[in-house]
Amino acid sequence: MSFRILVAVCLAYVTVLFVVAFIAERRAQNGNIGWLRSPVVYTLSLSIYCTAWTFYGAVGYAARSGLEFVTIYLGPTLVFVGWWWVLRKLVRIGRRERVTSIADLISARYGKSNLLGVIVTVISVAASTPYIALQLQSVTLSFGVFASDAPTGWALPDQGATALWVAAGLALFTILFGTRNLDANERHHGVVTAIALEAVVKLVALLAVGIFVVWGVADGWGDVIARTKASPISQWPLVPGRWIGLTFVSAAAVLTLPRMFQVMVVENVDERHLATASWAFPLYLMLISLFVLPIAVVGLSELPAGANPDLFVLTLPLAFDRDNLAMLAFLGGFSSATSMVIV
Amino acid sequence: MRSPLHPVFLAQRAYRRRRLTDAARLLPLAGCFLFLLPIFWRPQDTGVADTASGGLYLFAVWAVLIVAAAGVAAKLGRHESDDTPDRDDPHGSGMG
């Protein structure tokens with residue numbers, strides 16, 4: 001598969017995102033919101049919790065430390081299943097105070113203190129900048145996988161340049177659909193709809209790779225379990241402190257990450273959507289992590305020893321000459337990186 | 001969405017609603033307990049828990065939790081829209 005095709009598919013995909021966001025924005029302006037404010041779109045937009053870190057990193061994490069990777073998804077699951085305790089109140093307060101960001105919320109609790117708002121904003125910016133860089137790095141890395149795999153023809157393009165172009169494109173998207181309309185309630189139907197679409201893409205991509213790995217490479221679940229028992233991660237040395245701590249941190253993260261706060265509280269149009277999200281979002285997380293362990297185990301047993309486990313999602317289909325599947329996986333990773341950066 | 005099946009007595013409806021919110025509050029605690037339970041697993045032969053069976057257990061608990069949350073959310077949503085229409089949305093339509 002040539003690099004040209006890869007770039008063309010990426011551009012086509014981004015164009016589709018632009019069109020979807022544009023149509024959604026237009027419909028919202030005409031007051032014709034309809035399905036745009038359905039609980040399904042709300043739940044899917046929450047999936048920006050799963051960034052490229054999840055898409056590529058979870059498999060790498062599982063290949064290194066086994067089952068510990070699920071803590072990252074168990075925490076949010078508990079938070080959403082327990083929506084009646086915290087989320088319901090958070091959304092209610094957010095709507096009453098017309099909160100537009102987490103900095104706004106915290107300062108609102110202390111008499112709209114400006115200084116506090118500034119501090120929280122600075123912390124959020126400082127914390128999310130390396131995170132965004134990580135997403136861009138994952139996109140360039142996955143470009144690199146295809147590049148190194150190509151037999152001849154083109155050299156690996158400059159990684160910095162790739163990252164810069166991706167960043168520029170995303171910034172354009174954000175300006176067009178994000179910051180352009182600064183109204184009081186700060187709802188961005190275009191962005192949310194595009195993110196919901198990306199959520200579907202990354203779920204489908206990961207499920208497709210998972211199904212291919214379980215029934216295409218391995219011989220069904222029984223074989224996967226047998227391989228798990230034979231793999232280097234067959235034992236589960238659970239350290240209670242890490243297990244509880246990571247679950248707790250991920251639970252806290254889902255509440256306080258600026259991007260989660262944006263889609264969960266600010267973009268919430270109806271409190272009842274939370275009721276649906278309380279089970280649908282954990283379901284999404286479960287489906288995302290369902291095939292992580294099989295992919296890690298099969299990757300460990302099938303690929304050469306030095307292979308980067310963070311890229312198993314891409315390299316496994318490529319190793320079995322499933323270019324289309326690898327392309328889908330690439331788009332999934334691309335989606336998860338871009339949606340996080342946009343928000 | 002009043003159906004003829006609903007009882008006429010308000011107290012009974014309030015009672016059911018309270019029990020449902022109790023269930024909604026209890027679910028995450030039950031989930032927390034079940035997810036932390038593997039900490040106490042010490043198989044006799046190896047002394048270290050096994051990834052395959054641990055994974056099956058975790059995903060089974062996860063699935064049960066999701067189904068239970070869906071049940072509670074659906075019932076609660078129905079009660080909510082019957083009893084206390086949302087102030088922001090006077091139509092109080094049922095959840096989708």
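Chain letters run A, B, ... following the sequence lines, proteins first, then strands; residues in each count from 1. Quick caveat, the model's predicted, so the values are computed rather than measured. Just so it is clear, the values below take in all heavy atoms, side chains as well, and ignore hydrogens, waters and symmetry mates.
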Heavy atoms of other groups near [X] [atom1], more than 12 under 6.0 Å:
X        : atom1 : value
A:Arg64  : CZ    : yes
A:Asp219 : CG    : no
A:Trp53  : CH2   : no

Quick check for you: among A:Ala226, A:Gly75, A:Ser231, A:Ser234, which has the greatest number of heavy-atom pairs under 4.5 Å with chain B?
A:Ser234
Pick from A:Ala280, A:Pro240, A:Ala251: which one has the most heavy-atom pairs with chain B under 4.5 Å?
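Most heavy-atom pairs under 4.5 Å with chain B: A:Pro240.
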How long is the gap from [atom1] on [X] to [atom2] on [Y], to the nearest 0.5 Å?
X       : Y        : atom1 : atom2 : answer
B:Tyr57 : A:Leu67  : OH    : CG    : 12.5 Å
A:Leu78 : B:Leu27  : CG    : CG    : 10.0 Å
A:Trp84 : B:Thr21  : CH2   : OG1   : 6.0 Å
B:Asp50 : A:Thr228 : CG    : OG1   : 8.5 Å
A:Trp85 : B:Leu26  : CH2   : CG    : 9.0 Å
B:Phe35 : A:Thr71  : CZ    : OG1   : 11.0 Å

Side-chain heavy atoms of [X] within contact of [Y], under 4.5 Å:
X        : Y        : answer
B:Leu58  : A:Tyr73  : no
A:Trp279 : B:Val72  : no
B:Pro38  : A:Trp236 : yes
B:Leu56  : A:Ile225 : yes

[X] and [Y]: which non-hydrogen atoms are nearest, and at how many Å?
X        : Y        : result
A:Gln235 : B:Thr51  : O-OG1, 3.1 Å
B:Pro28  : A:Gly82  : CG-CA, 3.4 Å
A:Ser278 : B:Ala69  : O-CB, 4.1 Å
B:Ala52  : A:Lys229 : CB-NZ, 4.1 Å

Can B:Ile39 and A:Val239 be said to form a side chain to side chain contact (heavy atoms under 4.5 Å, CB included), step by step?
CA-CA 8 Å; B:Ile39 287 175; A:Val239 184; over 6 Å; no
Determine, stepwise, if the pair B:Trp62 / A:Leu74 fulfils side chain to side chain contact (heavy atoms under 4.5 Å, CB included).
CA-CA 8 Å; B:Trp62 211 336; A:Leu74 293 185; 4.1 Å; yes
Considering only heavy atoms, give the residues of residues 287-302 of chain A separated from chain B by less than 4.5 Å, sorted numerically, with 'none' for an empty result.
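From residues 287-302 of chain A, the residues near chain B are A:Ser289, A:Leu290, A:Leu293.
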Side chain from CB out, backbone as N, CA, C, O: work out which of these in A:Phe281 comes under 4.5 Å of a heavy atom of chain B, or both, or neither.
neither
Pick whichever of B:Gly54, B:Gly71, B:Gly31 has the most heavy-atom pairs under 4.5 Å with chain A.
B:Gly54
When the 4.5 angstrom heavy-atom criterion is applied to B:Ala68 and chain A, the contacting part is neither
